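Keep in mind that this is a model prediction, so the values were computed, not measured.
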Amino acid sequence: MVAVERRQVTLHQILVRMVVERAHHLGHADILRELIDGATGQRPGDLNLTQHTPEEWAAHRSAIEDVAHTAFDATQKTQYRDNP
């Protein structure tokens, strides 16, 4: 059952939710595009990105993937412990 204070939804709440969802999915699409063509940013030479060598980006990506794998492993252990 839904809590009483959450039964009525305002337009503001709907709009915020839609903006967050759109940003979330656009982030996924951007990641997929980067995996496909290897490009980053909105266009070649995008000044909004820091300038790193391919080796520096590979090391950065590897560090992020390591953290993600560690977090996933911890989640799996917690789920198994909570739901044997």
Side-chain angles (χ1 to χ4, degrees):
M1 181 177 272
V2 177
V4 174
E5 64 273 7
R6 297 193 78 188
R7 289 184 186 165
Q8 291 185 347
V9 179
T10 66
L11 178 59
H12 176 263
Q13 290 170 316
I14 293 170
L15 291 174
V16 168
R17 177 62 186 247
M18 295 303 297
V19 167
V20 169
E21 286 292 319
R22 166 76 49 112
H24 181 76
H25 292 292
L26 287 175
H28 288 159
D30 195 39
I31 290 168
L32 289 174
R33 182 193 54 79
E34 288 175 12
L35 290 172
I36 291 168
D37 66 11
T40 56
Q42 294 181 343
R43 59 192 149 287
D46 192 343
L47 299 176
N48 198 30
L49 296 173
T50 58
Q51 302 301 314
H52 291 291
T53 65
E55 294 77 19
E56 291 170 325
W57 280 119
H60 179 69
R61 177 180 172 179
S62 179
I64 292 172
E65 286 178 344
D66 289 345
V67 170
H69 288 297
T70 300
F72 177 77
D73 292 343
T75 301
Q76 295 302 307
K77 290 176 186 174
T78 301
Q79 286 179 351
Y80 180 74
R81 184 188 72 224
D82 294 342
N83 300 308

(request) Look only at the side chain of T70 and the backbone of D66, and say whether a donor-acceptor pair between them is shorter than 3.5 Å. (result) yes
(message) I'd like to check the salt bridge (charged side-chain N to carboxylate O under 4.0 Å, His left out) partners of D37; sequence neighbours left out, ordered by chain and number.
(response) R33
(message) Let me confirm one number: the CD1-NE2 distance from I64 to H69, rounded to the nearest 0.5 Å.
(response) 11.5 Å
Please table the atom pairs, donor to acceptor, closer than 3.5 Å between any side-chain atom in residues 9-20 and protein atoms at least two apart or in another chain.
from: T10; atom 1: OG1; to: Q13; atom 2: N; distance (Å): 3.1
from: T10; atom 1: OG1; to: Q13; atom 2: OE1; distance (Å): 3.4
from: Q13; atom 1: OE1; to: T10; atom 2: N; distance (Å): 2.8
from: R17; atom 1: NE; to: E21; atom 2: OE2; distance (Å): 3.3
from: R17; atom 1: NH2; to: E21; atom 2: OE2; distance (Å): 3.4

(request) Please identify each residue that fulfils side chain to side chain donor-acceptor pair (under 3.5 Å) with H52, with sequence neighbours left out. (result) T50, E56
(request) Could you tell me the separation between the CD1 atom of I31 and the CD1 atom of I36, rounded to the nearest 0.5 Å? (result) 12.0 Å
